[in-house]
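Note that these values count all heavy atoms, side chains included, but never hydrogens, waters or copies made by symmetry.
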Amino acid sequence: QVQLVESGGGLVQAGESLRLSCAASGRSFRFSAMGWFRQAPGKEREFVATIGASGARTAYADSVKGRFTISSDNDKNTVYLQMNSLKPEDTVVYYCGFAVGGYLSTRLGSYEYWGQGTQVTVSS
């Protein structure tokens, strides 16, 4: 069983930055891809960013490319999402996912475990 705990969300103004963290326990993600998704009320969870098991490859949604950066620290079993130049439309709950396999994936179904989510609110 894997437990994921996200942190780092909060309220910021447009243009500011936040760094989300996702700490995994119960299993190392050294051989698993990790991902960040986000979900607005009443909408489907959507892909934000993913990082492969090796940490060498990453992928981003077009809406965050150039502003967000995903990274991982295998020693700390933690994945991060650095969010810069935040916009009001980035206001949603962000979730960390632990994938079944090691290759990065944008698909929701590739992720076996999820954290409880962390709220990000960007004011204009």
Side-chain angles (χ1 to χ4, degrees):
Q1 192 73 13
V2 174
Q3 292 80 42
L4 302 173
V5 179
E6 299 103 333
S7 61
L11 171 63
V12 296
Q13 293 189 334
E16 294 185 340
S17 300
L18 279 175
R19 188 177 80 156
L20 305 184
S21 299
C22 173
S25 61
R27 192 193 303 176
S28 169
F29 61 66
R30 190 176 299 273
F31 304 106
S32 298
M34 299 291 289
W36 286 98
F37 286 69
R38 63 188 184 185
Q39 187 171 20
K43 294 190 176 181
E44 290 189 354
R45 194 166 294 186
E46 65 174 13
F47 166 74
V48 175
T50 179
I51 186 166
S54 66
R57 298 193 66 180
T58 59
Y60 298 91
D62 288 343
S63 59
V64 306
K65 201 172 293 183
R67 300 189 298 124
F68 291 10
T69 303
I70 188 171
S71 61
S72 61
D73 185 332
N74 285 339
D75 291 337
K76 295 182 178 179
N77 225 29
T78 299
V79 64
Y80 304 97
L81 185 68
Q82 177 66 43
M83 306 187 296
N84 298 330
S85 302
L86 283 162
K87 304 176 181 180
E89 52 263 44
D90 294 320
T91 296
V92 283
V93 178
Y94 287 73
Y95 295 89
C96 168
F98 186 106
V100 175
Y103 196 72
L104 50 81
S105 174
T106 64
R107 295 175 57 249
L108 199 65
S110 297
Y111 295 84
E112 186 175 10
Y113 299 100
W114 295 95
Q116 82 290 349
T118 185
Q119 175 72 47
V120 171
T121 303
V122 184
S123 64
S124 57

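Both Met34 and Tyr113 are assigned to one and the same hydrophobic cluster, defined by single-linkage of ILVMFWY side chains at heavy-atom distances under 4.5 Å. Linking ILVMFWY side-chain heavy atoms closer than 4.5 Å, directly or via other members, places Val79 and Leu104 in two distinct hydrophobic clusters. Hydrophobic clustering keeps Leu81 apart from Leu108 (ILVMFWY residues linked when any side-chain heavy atoms are closer than 4.5 Å, directly or through intermediates). By the criterion of side-chain heavy atoms lying less than 4.5 angstrom apart, applied directly or through intervening Ile, Leu, Val, Met, Phe, Trp or Tyr residues, Met83 is grouped together with Ile51 in one hydrophobic cluster. With hydrophobic clusters built from ILVMFWY side chains whose heavy atoms lie under 4.5 angstrom apart, Val120 does not share a cluster with Val93.
Residues passing the side-chain hydrogen bond (donor to acceptor under 3.5 Å, both in side chains) test with Glu112, sequence neighbours excluded: none. Scored by the side-chain hydrogen bond (donor to acceptor under 3.5 Å, both in side chains) test, Thr78 finds no partners at all (sequence neighbours excluded). Every residue meeting the salt bridge (Lys or Arg N to Asp or Glu O under 4.0 Å) condition with Arg67, not counting sequence neighbours, appears here in chain and number order: Asp90. Legend: residues meeting side chain to side chain contact (heavy atoms under 4.5 Å, CB included) with Asp62, ordered by chain and number and at least two apart, are Lys65. Under the ring-ring contact (aromatic ring centres under 6.0 Å, His included) criterion, Phe37 pairs with Phe47, Tyr111, Trp114, sequence neighbours left out. In terms of the side-chain hydrogen bond (donor to acceptor under 3.5 Å, both in side chains) criterion, Ser28 has no residue partners (sequence neighbours excluded). Listed by chain and number, the residues in a side-chain hydrogen bond (donor to acceptor under 3.5 Å, both in side chains) with Ser123 amount to none (sequence neighbours excluded).
For residues 43-55, the pairs satisfying salt bridge (charged side-chain N to carboxylate O under 4.0 Å, His left out) are Arg38-Glu46, with sequence neighbours left out. Every pair tested for ring pair (Phe, Tyr, Trp, His ring centres under 6.0 Å) that includes a residue from residues 61-90 fails, sequence neighbours excluded, so the list is empty. Listed by first then second residue, pairs satisfying disulfide (SG to SG under 2.5 Å) with a partner in residues 27-63 number zero, not counting sequence neighbours.
Nearest heavy-atom pair across Gln39 and Val92 is O-CB, 3.6 Å.
Between the side chain of Thr91 and the backbone N or O of Val122 there is at least one donor-acceptor pair closer than 3.5 Å. Side chain of Asn77 to backbone of Ala23: no donor-acceptor contact under 3.5 angstrom is found. The backbone N or O of Glu6 sits less than 3.5 Å from a side-chain atom of Gln116, completing a donor-acceptor pair.
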Cut-off 3.5 Å, no hydrogens considered: what does the side-chain donor-acceptor table look like for residues 52-60, sequence neighbours left out?
from, atom 1, to, atom 2, distance (Å)
Ser54, OG, Ala56, N, 3.2
Arg57, NH1, Tyr103, OH, 2.7
Tyr60, OH, Ile70, N, 2.9

Result block: side-chain N/O donor-acceptor pairs under 3.5 angstrom for residues 10-22, not counting sequence neighbours:
from, atom 1, to, atom 2, distance (Å)
Glu16, OE1, Gln13, N, 3.0
Ser17, OG, Asn84, OD1, 2.9

